[in-house]
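Chain letters run A, B, ... following the sequence lines, proteins first and then strands; every chain starts at 1.
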There are 2 protein chains.
Amino acid sequence: MYAISQLSKLLGISTYALRYYETEGIVAPDRNAQGERVYREADVEWLRFVLRLKETKMSIAQIKQYARLVAEGEHTREDRLQLLETHRTFIRQQLESLTTTEQMLDYKINFYQSHIMKKSLQSQQ
Amino acid sequence: MYAISQLSKLLGISTYALRYYETEGIVAPDRNAQGERVYREADVEWLRFVLRLKETKMSIAQIKQYARLVAEGEHTREDRLQLLETHRTFIRQQLESLTTTEQMLDYKINFYQSHIMKKSLQSQQ
DNA sequence: GCTTGACTTCTAGTAAACTCTAACCAGTAT
DNA sequence: ATACTGGTTAGAGTTTACTAGAAGTCAAGC
């Protein structure tokens with residue numbers, strides 16, 4: 001059980017963001033007697049997954065859509081599957097793009113380093 | 001040599017974006033007698049690299065900074081190297097994050113598929 | 001009893017990255 | 001000659017994802 005400020009620290013996101021996710025229907029914490037948000041372990045796990053989706057470039061709109069399907073229950077399983085498969089495809093594209101770009105950077109970095117090396121050799125002579 | 005609309009199609013980005021990149025100092029095409037932008041092959045290659053940086057989550061501000069260093073010439077090589085190395089580290093983090101998330105999705109997709117399979121088996125009986 | 005601190009809601013503001021509109025111009029087709 | 005096409009600029013508007021401010025509630029400590 002976490003208060004909003006505790007969860008904010010735990011997840012490394014702002015309390016503003018946590019409230020925003022709630023208004024967007026992405027998370028629905030309990031409330032205590034004072035009306036304060038109380039996040040359970042299940043909310044924490046869900047939010048960790050949400051942050052993974054965000055890191056891998058899923059938009060808030062899409063995450064919201066997925067959250068809505070989960071909340072709607074059993075009969076949305078096929079839709080959820082579809083959504084996750086689409087995102088997996090997107091992730092695989094990103095992996096390709098990152099690998100290619102990493103290689104380009106390796107090449108450029110080697111280029112710069114060899115030039116800098118030449119320069120420092122020159123300055124030694 | 002490409003007109004803006006041609007390059008837009010070639011790169012799959014809008015003419016608005018191309019003009020925006022120019023105002024940000026990221027690209028500096030030639031102009032013809034009518035004052036229209038003329039992009040050379042070198043501009044195209046540079047923009048392809050810029051788009052790679054964007055795909056891998058480099059901000060326009062950072063790209064702008066790198067472009068400025070390139071334009072400034074020889075004495076900025078160390079800074080450029082630094083910037084590219086920092087981005088390579090970031091790319092490696094993204095690769096890790098994507099791999100982990102892909103595995104989570106594999107798991108969830110298998111889960112949904114096995115449930116759907118059960119369901120369709122039930123409906124066959 | 002009053003202040004402090006952590007929360008609440010509502011609403012406005014912000015940063016990033018475009019995206020669009022308006023007014024204009026130059027070359028081509030009818 | 002006129003309309004159309006495709007370009008130009010300056011500047012306003014849009015979308016996304018927060019971020020911040022104002023005003024209020026409530027329990028705890030001095």
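- A straight line from OH of A:Tyr39 to P of C:dA6 spans 17 Å, rounded to a whole angstrom.
- In the hydrophobic clustering (ILVMFWY side chains linked at under 4.5 Å, chained through shared members), B:Phe90 stands by itself.
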Pairs under 3.5 angstrom, nitrogen or oxygen only, protein versus nucleotides 5-7 of chain D, please.
{"residue": "D:dG7", "atom": "OP1", "partner": "B:Ser5", "partner atom": "OG", "Å": "2.7"}
{"residue": "D:dG7", "atom": "OP2", "partner": "B:Ser5", "partner atom": "OG", "Å": "3.2"}

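- Whole-Å rounding puts the B:Lys64 NZ to C:dA15 C1' distance at 12 Å.
- In terms of the salt bridge (charged side-chain N to carboxylate O under 4.0 Å, His left out) criterion, residue partners of A:Arg92 (sequence neighbours excluded) are, by chain and number, B:Glu102, B:Asp106.
- Following rounding to the nearest Å, B:Gln62 (CD) and C:dA16 (P) show an atom-to-atom distance of 12 Å.
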**Message:** For a quick check, with a 4.0 angstrom heavy-atom cut-off, what is the B/S/- contact string for nucleotides 16-21 of chain D, read 5' to 3'?
**Reply:** -BBBB-
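- A donor-acceptor contact closer than 3.5 angstrom links the side chains of A:Tyr112 and B:Arg80.
- If you take CD of A:Glu24 and P of D:dT15, they are 14 Å apart, rounded to a whole angstrom.
- Grouping Ile, Leu, Val, Met, Phe, Trp and Tyr by side-chain contacts under 4.5 Å, direct or through others, leaves A:Tyr107 on its own.
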Return all side-chain donor-acceptor pairs below 3.5 angstrom for residues 1-11 of chain B, not counting sequence neighbours, or 'none' if the list is empty.
{"residue": "B:Gln6", "atom": "OE1", "partner": "B:Ala3", "partner atom": "N", "Å": "2.8"}
{"residue": "B:Ser8", "atom": "OG", "partner": "B:Ile13", "partner atom": "O", "Å": "2.6"}

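- Atom CZ of B:Arg31 and atom P of C:dA26 are 15 Å apart (whole Å).
- Between B:Gln34 and C:dG27, a side-chain N or O to OP1/OP2 separation shorter than 4.0 Å is present.
- For the pair A:Glu96 and B:Arg52, the salt-bridge criterion is not met [side-chain N within less than 4.0 Å of a carboxylate O].
- With no hydrogens or angles considered, no side-chain donor-acceptor pair links B:Glu55 and A:Gln93 at under 3.5 Å.
- Geometrically, A:Lys108 engages B:Phe49 in a cation-pi contact, judged by NZ or CZ lying under 6.0 Å from the ring centre and within 45° of the ring axis.
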